[in-house]
Amino acid sequence: MSSSKDIDGKEIAATIRGEVKKRVDSLRSPPGLAVILVGSRRDSQTYVRMKKKACEEVGIASFGFDYPENVTEDELLQKIQELNRDDKVHGILVQLPLPKHINENNIIEAVHPSKDVDGLHPRNTAALCSTGTHVGAEKVNWEDLSSVPFHIPCTPQGCIELLDRSNVPLKGKNAVVIGRSNLVGLPVAMLLMHRDATVTIVHSKTQDAPGTVSKADVIVAAVGRAEMVKKEWIKEGSVVVDVGINSVDDPSAKRGYRLVGDVDYDAVKEVAGKITPVPGGVGPMTIAMLLRNTVNSCVRSQATKGE
């Protein structure tokens, strides 16, 4: 059940999609997003369908490339190089995970950084991890993520947008990120640090995780363990962003299961100042950020060509 404390990811994502559509309408030619899907995982197929539908909604051209499970790594690398050279394509997304016989790092690194709208290329990661505090460093406006001149991973970027658009202050606040993955934990920690929060990362080897979390003003849970974060961990009035999405058995549900986050939502919302529900919180923001990254790539490409 929704609460007045909920941060409504669906509503905020819809607002951002509207902003993206206005930018697309102002461009001379539409941005293009290429999506590579390998195999027949139902979850991956669902995500890809959602991304293509969102592209259509805002006027981004989407190009789908589906491959069987046994596709070779060389075939994928050749397609990526072809897409890197294609001026109609401004973003390349390879739906992860890939089959075990394919080296994901090789695939990620093959995508040109300017078209890496997932923000996973090592050059984009390095840019995110540069504080720019030394003399002569190029300054980045971290208050406006849409203006950052490189691609930021979509889910971490979506987390910050949710906080910003919910008027949650970050400067000088204690922020705890639960989880240290390359996809969410580390990049969202860097984004929080760029916004002048004091950041602690809690992981599987952290001693007294509940005690560490209890000191936080802002908590981002991205660990992939159903309802791990309990009410007793949370300081009164803190803001909780739940990135997790886990299925738990529920005989009363139509499908026999229900989706929950990494946070015990019903209990935690009693003490949290604001909280993202699951579903309907962070999830819709990931696709909204993908669309924005693709448009940003197109705008930068057109500016380079003097269009």
Side-chain angles (χ1 to χ4, degrees), residues 1-9 12 128-129 131 142 145 152-248 258-283 285-286:
M1 183 176 293
S2 65
S3 159
S4 60
K5 296 180 178 181
D6 281 355
I7 296 175
D8 191 340
I12 294 172
L128 178 61
C129 293
T131 59
W142 294 104
L145 296 183
I152 301 171
C154 300
T155 299
Q157 187 179 173
C159 292
I160 302 301
E161 284 287 338
L162 284 175
L163 294 170
D164 282 347
R165 293 177 188 243
S166 301
N167 300 311
V168 176
L170 296 174
K171 188 173 184 178
K173 300 297 182 179
N174 289 323
V176 168
V177 177
I178 307 173
R180 52 181 169 177
S181 71
N182 289 333
L183 293 177
V184 182
L186 293 182
V188 83
M190 288 304 305
L191 288 171
L192 288 163
M193 189 180 70
H194 285 311
R195 295 294 296 277
D196 298 320
T198 300
V199 183
T200 302
I201 298 178
V202 166
H203 48 76
S204 59
K205 301 299 186 292
T206 298
Q207 296 182 9
D208 190 19
T212 302
V213 175
S214 70
K215 298 180 177 68
D217 304 302
V218 176
I219 299 151
V220 179
V223 72
R225 292 180 61 185
E227 299 180 326
M228 184 185 91
V229 179
K230 303 300 183 184
K231 175 182 176 181
E232 295 73 28
W233 297 28
I234 306 299
K235 181 173 71 173
E236 184 87 30
S238 61
V239 177
V240 181
V241 177
D242 190 350
V243 181
I245 184 161
N246 313 281
S247 62
V248 295
R258 59 188 171 87
L259 296 178
V260 301
D262 293 345
V263 176
D264 185 357
Y265 171 81
D266 287 334
V268 168
K269 73 179 179 182
E270 295 177 8
V271 293
K274 295 177 186 288
I275 185 170
T276 61
V278 176
V282 174
M285 294 296 292
T286 298

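These numbers come from the heavy atoms of this one structure, side chains and all, not from hydrogens, waters or symmetry mates.
In this structure, I275 CD1 and I219 CD1 are separated by 9.0 Å, a value rounded to the nearest 0.5 Å. Taken from CD in Q157 to OG1 in T286, the straight-line distance is 10.0 Å, to the nearest 0.5 Å. A distance of 9.5 Å separates CG of D196 from CG of L170, quoted to the nearest 0.5 Å. How far CE of M193 is from CG of L128: 8.5 Å, rounded to the nearest 0.5 Å. In this structure, the separation between SG on C159 and CG on L192 is 8.5 Å, given to the nearest 0.5 Å. Here the CD1-CD1 distance, from I201 to I178, works out to 11.5 Å after rounding to the nearest 0.5 Å.
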Q) side chain to side chain contact (heavy atoms under 4.5 Å, CB included) between V282 and D242: does it pass, once the steps are laid out? A) CA-CA 7 Å; V282 174; D242 190 350; 5.9 Å; no
**Q.** Chi angles and distances behind the side chain to side chain contact (heavy atoms under 4.5 Å, CB included) call for T200, V176
**A.** CA-CA 5 Å; T200 302; V176 168; 4.2 Å; yes
(Q) If you apply the rule salt bridge (Lys or Arg N to Asp or Glu O under 4.0 Å), what do you find for K231 with D264, and how did you get there? (A) CA-CA 7 Å; K231 175 182 176 181; D264 185 357; over 6 Å; no
Q: Given side chain to side chain contact (heavy atoms under 4.5 Å, CB included), test V239 with I7 step by step and report yes or no.
A: CA-CA 9 Å; V239 177; I7 296 175; 4.2 Å; yes
Q | Trace of the side chain to side chain contact (heavy atoms under 4.5 Å, CB included) decision for L191 with W142 | A | CA-CA 8 Å; L191 288 171; W142 294 104; 3.8 Å; yes
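Side chain of D6 to main chain of P277: no donor-acceptor pair is present (N/O by atom type, distance under 3.5 Å, no hydrogens or angles).
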